[in-house]
Amino acid sequence: MEWALLLQLVLNGLIVGALYGVVAMSFVLIYKASQVVNFAQGEFMLIGAWVCWWLLTKWQLPFWIGFPVCLAFMTIFGVIVQVVVLRPLIGEPVISVIMATVGLSIFFQALMKWMFGVFAQPFPPIFPAERLSLFGLQIQSVYLLSLALSAVIMLGFWWFFTFSKHGLAMRATAFDQQVAQSLGVSVPKVFAMSWAISAVVSAVAGVVVGVVSGVSSGLSFYGIKVFPAVILGGLDSIVGGMLGGLIVGVLENLAQYVDAQWLNWGNMTNIAPFYALVLILLIKPYGLFGTKNIERV
Amino acid sequence: MSLRFGGVRALTDVSFEVRRGEVFSIIGPNGAGKTSMVNCISGRYRPTEGRISFDGQDITRLPPSRRAPLGIGRTFQNLALFGHMTVLDNIMVGRHHLLKSGFLRGMVYWLGGAQTEEIAHRREVEDIIDFLEIQHIRKEPAGTLSYGLRKRVELARAIALKPRLILLDEPMAGMNLEEKEDMARFILELNQEWGMTVLMIEHDMGVVMDISSRVMVLDFGKKIADGTPDEVLAHPQVRRAYLGEDLDESVEAAA
Amino acid sequence: QAPYPIGHIADYSGATSDVGVPYGRGVQDALAWVNANRRIGGRTMNVMTMDYGYQAQRAIAQYQAWMSRERPVAIQGWGTADTEALTTFVTRDRVPYISGSYSAALTDPTGRAPRAEKAAPFNFFYGPSYSDSLRAMLIWAQQDWRARGQTGRPRYVHMGANHPYPNSPKAAGEALATELGFDVIPAIQFALTPGDYTAQCLTLKNQGANYAYLGNTAGSNISVLRACQTVGVQVQFLGNVWGMDENAMKAAGAAANGVVFPVRTSAVWGQDAPGMANIRAISRISDQAGTAYRPVHYLAGVCAAMLMVEAMETAAERGQVNGVSIRDGFYTRQNWVPNGFDGVCAPSNFTAEDHRGTLSVALYRAVVNGDTTQGSVDDLMRAGTMRLEPVTTINLDRRRDWLGW
Amino acid sequence: MLQVNNIEVVYNDVILVLRGLSLEVPKGRIVALLGANGAGKSTTLKAISGLLKTEEGEVTRGEIRFAGDRIDGIDPHLIVRRGIFQVMEGRRIISDMTSIENLRLGAFTRSDGEVKRDIEMVFEYFPRLKERTGLAGYLSGGEQQMLAIGRALMARPKLILMDEPSMGLSPLLVKEVFSIIRRLNRDLGITILLVEQNARMALSVADYGYVMEQGKVVLDGTASALMDNEDVKEFYLGGHGTERKSFRDIKSYKRRKRWL
Amino acid sequence: MSMTPSGDFRTSYAADMTIFPTRNSRLALLIGLAVLLCAPLVLGRYELSLMIQIGFLGIAALGLNILVGFTGQISIGHAAFFGFGAFASAWLVEHGVPVPLAIPLAGVATALVGLVFGLPAARLKGLYLAIATLAAQFILEDFFARARWFTGGVAGRITEPFTLLGLRFDHDETYFYVVVFWVVVMFVAAANLMRSRDGRALVAVRDHYLSAELMGINLAYYRTLSFGIASFYAGVGGALYAHYLLFVSVEAFNILFSIQFLAMVIIGGLGSVMGSLMGAAFMVLMPELVQSAAQALEGGAIDRALSLGASINFLREMAIGAAIILFLIFEPDGLARRWRLMKAYWKLYPYSH
Ligand SMILES: Nc1ncnc2c1ncn2[C@@H]1O[C@H](COP(=O)(O)OP(=O)(O)OP(=O)(O)O)[C@@H](O)[C@H]1O
Ligand SMILES: Nc1ncnc2c1ncn2[C@@H]1O[C@H](COP(=O)(O)OP(=O)(O)OP(=O)(O)O)[C@@H](O)[C@H]1O
Ligand SMILES: [Mg+2]
Ligand SMILES: [Mg+2]
């Protein structure tokens with residue numbers, strides 16, 4: 001056992017896990033409003049990253065201006081996607097909507113390549129010190145930004161869903177669109193809101209990933225990678241999404257350790273979260289924090 | 001028998017017995033635990049304490065799907081039809097435990113005897129359809145029917161199980177007088193001609209008084225009375241908790 | 001006279017499009033240039049380009065379509081998975097297939113080499129195979145180790161996804177590394193997509209590797225390079241032929257500094273060579289202004305296309321142009337450099353027993369000394385912020401026991 | 001206040017359910033809508049509240065006016081904002097929320113600060129709800145019905161459309177619900193369109209009544225006039241005069257009266 | 001000439017329960033089948049190869065439809081089972097099993113694997129189950145890449161063409177018949193299943209599992225069973241794929257492919273047997289159509305005017321994505337419903353409306 005290495009791996013897992021958590025939360029948000037799992041979440045990250053990159057390099061905007069502008073763009077983008085694609089599907093079976101998000105993912109994947117090219121691009125440095133040392137582990141400083149943002153986002157969501165009436169409306173819409181409408185909730189508006197927020201949150205994650213390892217279309221793979229995190233935590237739990245992210249992050253790193261030390265299978269980092277996912281679901285069918293469906297006849 | 005959900009005591013020490021061939025009604029205020037009781041009998045809930053036996057066999061821990069073959073069928077308070085299936089298929093599902101051919105024989109339909117079996121059962125199902133007068137909606141998807149018709153299809157599905165004990169959870173809710181009369185007629189006929197024992201939950205006192213042989217009253221999960229309809233009606237606690245002070249008016253109102 | 005049908009399977013939009021685009025454009029431009037400037041036996045080519053998005057299925061469907069309608073006389077292909085899948089078919093249909101996959105499994109036309117798994121009589125590619133490139137880099141690494149005055153056994157590790165393409169040279173590399181006296185550390189895996197590979201880098205650091213082969217394409221290699229730079233790994237990375245280029249250098253920035261990787265052509269864009277004039281002319285086909293920077297893969301694509309064109313010309317001189325005669329056209333020349341591309345395309349030798357076109361591997365070092373985030377590749381190369389620095393050229397022996405793996 | 005003129009409703013582009021139905025609900029009154037199962041009562045209410053759309057239904061002819069403005073074709077949430085609130089058939093409470101959250105949702109369209117007080121008011125009407133702090137999905141049928149009505153009150157609507165509010169309630173509660181309906185009407189001045197199977201109760205609180213059959217109004221009149229109508233008596237109220245006919249005595253064959 | 005009866009004229013229950021309700025529709029079916037069998041005589045290899053792909057993908061899609069459409073359990077791992085069937089068949093052939101036998105055996109082997117991965121289905125619901133199948137996808141993919149003895153590792157495995165009684169079915173013209181045979185068998189079996197006991201039970205579980213259970217339906221059994229059946233179909237489809245391409249590689253069976261299966265099922269129509277085939281046809285033909293449109297455009301006036309150039313490839317991808325979305329918006333119930341409406345229209349013709 002090499003404790004220093006192990007410690008570094010766990011630390012790294014937590015840091016990366018927080019990022020997964022951010023993406024997971026944006027999944028949860030859409031799920032909570034419409035019971036839809038968004039397969040285009042990865043593309044949302046990608047779009048956010050590209051747009052921000054474009055603002056910073058082509059327009060030479062400083063990060064502290066470019067980043068908010070990018071988020072504002074993503075808000076509008078989320079609304080547009082909702083209006084054009086998802087609004088006509090209101091009332092259709094959830095699975096159709098999920099499929100439509102797959103269509104979105106294919107569409108945007110190609111669109112991004114068309115607009116920004118197929119080559120990976122580096123982000124201009126946004127912090128004076130690109131790296132800093134944490135308990136002996138060198139990490140990119142932008143990860144700290146993501147840590148801070150994820151905490152803020154999580155608290156924001158938590159407040160939103162428990163206390164604000166729009167949060168309640170969102171949950172009601174997810175439960176039964178017809179009832180929500182009968183209560184005066186505008187289902188399209190609720191969806192627009194959830195998609196906009198989700199787009200913004202995933203853009204934050206996209207930018208962080210972009211800063212760390214460059215922007216390229218492969219970035220959207222995070223969208224799939226994060227599924228174990230979402231499910232581990234429970235599809236409809238904001239806190240669960242965050243925690244699931246952390247767990248998956250640590251798990252990946254520990255799996256890499258175990259793999260490198262003993263197994264030498266090679267692929268454990270990628271697969272371990274899925275094994276864990278199946279195991280946890282067998283014990284807790286609604287994830288760690290998901291609410292059980294009410295079964296009453 | 002007792003049933004608890006966390007802190008909620010849905011049923012507390014309730015004991016009763018349904019005799020073969022009778023129409024037994026459970027009444028009680030909302031939330032008294034009537035549906036929970038039926039859920040325990042049909043296996044949806046497992047009692048926290050106590051024992052349920054059917055025909056001398058202890059069925060307390062039997063999984064729900066094993067109770068249909070024993071002869072327990074039921075309808076639901078909040079409709080639970082298979083919305084996308086036709087009425088006919090809904091009722092055929094009721095025959096599930098009586099049919100024998102599994103998926104392999106089903107796939108080779110003509111060869112393994114599945115066809116003959118289907119036709120034989122279809123004939124009996126048609127009898128049920130005729131009996132409940134729902135011929136005209138045979139091929140409609142159950143999900144598009146109006147509330148009253150759905151209740152009737154539910155009943156048909158329960159009958160298709162060929163149950164010896166049929167549990168009806170508010171069969172008359174949402175019906176007008178004429179339809180209640182029909183339903184009452186069906187229930188009596190089931191009981192008398194088809195020989196099924198009926199356990200019914202109903203709020204319509206008129207119906208309960210007229211067609212049940214015995215009545216049990218629950219309140220806050222406890223049994224407060226049982227006996228013949230008239231005995232129960234006379235019970236002071238029942239009048240207070242359930243009917244409201246003025247008896248005659250409430251019977252009238254319920255009708 | 002009807003033009004010769006030529007199939008072209010390219011990845012312009014899929015997972016490997018970052019290198020698929022320059023390579024494919026090179027092929028396409030070269031063939032268009034040939035059509036415009038010189039004929040093959042008096043005829044032109046009808047080039048049918050198909051972007052299959054790196055999905056083997058689509059490539060195979062397209063292949064079937066072509067074989068039933070246009071019946072191409074030769075095909076320019078791309079990825080390892082689809083090329084290996086099509087091997088059986090092109091063998092059956094006798095269509096020369098020039099791939100962008102340099103898997104050594106495609107180099108044995110007879111299937112009789114000691115370690116070969118199957119015969120691939122109609123498969124060709126331009127440049128050294130993945131395995132041979134890695135062998136060359138290992139030989140260089142050994143020299144480098146000595147040159148730096150290090151003692152003890154250097155440690156070598158193979159890194160990449162578990163995927164036909166990164167795996168292709170794994171066995172060959174580890175075998176030679178052992179033979180050369182390296183300590184071979186268990187391979188480290190990382191996916192073909194960008195991600196957080198800090199864990200892998202920490203492992204790498206922990207195990208004290210000195211030389212690491214990066215088997216993936218640029219997108220994920222960049223993540224590894226940056227992660228390893230962040231955690232401060234001291235290791236000499238050996239890039240593979242598709243894993244490092246000018247675009248990757250720009251994206252990885254300083255993290256790419258020092259990576260050694262093979263370059264298939266004798267010159268890179270911007271250098272002078274007799275053949276460069278033609279390359280520029282070809283480049284103008286898709287870039288009228290003549291300002292675009294062409295990465296190494298573009299030049300390789302041109303060379304691969306020109307090999308095919310000349311093989312077709314040989315076939316035309318001898319009479320019929322068909323799959324078999326084109327294949328035989330590949331065997332007629334020694335130290336074959338396409339006419340007019342001297343100093344750019346490296347000499348190739350193909351024989352009916354051995355499709356290893358070249359065993360001479362030119363190694364370059366990526367040099368990055370500044371901020372690469374602003375400006376285009378062209379600007380950066382011109383300003384010298386990024387450079388490709390020749391390291392050495394390793395000439396491998398044409399060992400028969402190295403054929404086909 | 002509400003006028004429904006000659007509307008036709010079609011489901012799935014093919015199933016014609018309402019065929020030229022007209023009715024009127026004057027301000028401040030209670031109007032009862034009676035009819036057999038499948039007559040189209042719920043459909044009528046959904047046509048008014050705009051909820052048809054979510055079931056692939058459509059008003060293809062005629063018009064619906066509320067306070068003089070046409071409201072057919074408007075999105076349901078806008079109709080709620082105009083002051084029409086429907087209590088849907090089958091309770092339809094949000095089962096994964098608590099009662100209080102359900103009630104708060106009822107007040108979604110309101111932005112005044114009196115939501116808390118109104119919740120207390122609902123709890124006064126239905127004390128049982130206050131005791132049940134768990135998720136609404138675990139409430140008994142009757143408790144859910146109370147919650148659904150309470151939720152409507154939270155919206156402070158001008159017009160409540162009630163679809164079978166007494167369904168599944170104990171006799172005691174039925175009386176209570178109807179007395180609440182009366183009180184709502186009297187104290188708060190809320191206009192009510194009431195669909196009910198319990199004709200006797202409905203007519204006893206209503207000012208005016210309509211009887212529907214197969215998508216059309218076949219009979220209408222003041223509540224007292226309907227109570228005296230022979231057909232209504234026989235088919236909706238049961239028996240003539242005071243003597244109630246026993247359910248046991250119904251013969252297998254019955255005369256079926258249809259107005260159409 | 002009508003395909004559906006215009007009134008209820010049936011006199012026996014057997015007649016009421018048949019799949020093809022009129023004589024004309026049976027006739028049409030026979031003629032259709034005959035025409036289909038003549039196809040290799042008139043069509044080119046390209047068209048045949050598309051039809052073959054539609055065939056084996058359609059079989060697998062039908063399996064997924066039984067799972068998703070009929071039993072209501074979403075699976076995002078179908079391609080992995082498809083792949084398992086392909087590898088299993090190739091492996092069996094390598095071990096001396098003749099190809100015609102290896103195909104159904106591969107189906108059975110896949111069904112067994114499906115049952116194992118279907119076990120969580122007894123406990124999991126909705127999207128939780130969907131994501132668990134996503135796990136199956138990745139775990140199986142990892143297994144394929146690792147198990148050299150079985151799959152040939154990441155390099156893939158070459159396999160033999162279909163041979164029966166000394167005849168080689170190694171061209172599109174001949175292999176076509178093999179696929180048609182399997183399509184007919186598998187589709188008829190599914191249609192039969194859906195109108196018999198266990199098929200109804202599956203649908204009941206989807207529509208209302210609580211009441212289904214009280215009807216005597218063992219939920220765990222049927223949920224798992226539907227995974228088994230779905231995997232069987234996937235396995236047979238995969239085996240047919242293997243002996244068509246003659247090369248099986250782990251690369252093909254990725255998550256994207258799984259999602260394509262899902263798209264087939266949804267586009268074809270959830271819970272429709274024939275819809276699965278239509279969905280497969282849509283997913284196979286659409287990229288081809290877009291591709292040929294792109295080729296027609298390439299170098300043409302529009303291309304030059306907009307200087308599309310290389311971007312045509314991206315436009316094509318975008319067109320595919322957009323087509324899926326547009327399809328879902330305008331035909332959310334799938335091709336099967338459109339087909340039914342068309343039939344209904346002809347039934348009334350010329351008196352429609
Ligand atoms: N699954 C459950 N979890 C928690 N509490 C439950 C559950 N099922 C029922 N209850 C509670 O048990 C009590 C009895 O409910 P039940 O449905 O049996 O009443 P009921 O007598 O049928 O009433 P009604 O006539 O209104 O239908 C209720 O207070 C209800 O909230
Ligand atoms: N979504 C739908 N799609 C197709 N038909 C429908 C739909 N909803 C209702 N119908 C049909 O419309 C008719 C009227 O239904 P509605 O629910 O309005 O009746 P109702 O008068 O409320 O009956 P009940 O007293 O049973 O509730 C019924 O025949 C029903 O089958
Ligand atoms: Mg109840
Ligand atoms: Mg109704």
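Below, each value reflects all heavy atoms present in this structure, side chains not excepted, and no hydrogens, waters or symmetry copies. By convention in this document, chain letters (A, B, ...) are assigned in the order of the sequence lines, proteins followed by strands, and residues within each chain are numbered from 1.
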Residue part contacting chain C, namely of A:L9, when any heavy atom lies under 4.5 Å: both
Distance-minimising heavy-atom pair for A:T57 and C:T373: CG2-O, 3.8 Å
Among the listed options C:N206, C:D245, C:V21, C:I222, the residue most often paired with chain A at heavy-atom distances under 4.5 Å: C:N206
Segment of C:V231 engaging chain A (4.5 angstrom heavy-atom cut-off): both
Closest non-hydrogen atom pair, C:A251 against A:Q121: CB-N, 4.1 Å
C:D196-A:N253 side chain donor-acceptor pair, cut-off 3.5 Å: no
Greatest number of heavy atom pairs closer than 4.5 Å to chain A - which of C:L192, C:L225, C:T198, C:V19: C:T198
Nearest atoms (heavy-atom pairs only) where C:L202 meets A:Q8: CD2-OE1, 3.2 Å
Interface moiety of A:S217 toward chain C, non-hydrogen atoms closer than 4.5 Å: neither
Heavy-atom proximity to chain C below 4.5 Å, by part of A:V209: neither
Contact class of A:L56 relative to chain C, heavy atoms under 4.5 angstrom: backbone
For C:Q374 against A:P124, the heavy-atom pair lying closest together: NE2-CB, 4.0 Å
Largest heavy-atom contact set with chain C, pairs under 4.5 Å, which of A:V212, A:L254, A:V215: A:V212
Interchain contact, A:Q60 with chain C, by part (heavy-atom threshold 4.5 Å): side chain
C:A218, part contacting chain A, at a heavy-atom distance under 4.5 Å: neither
Among the listed options A:G218, A:G13, A:P122, the residue most often paired with chain C at heavy-atom distances under 4.5 Å: A:P122
Nearest heavy atoms of A:Q256 and C:I188, plus distance in Å: NE2-CG2, 4.2 Å
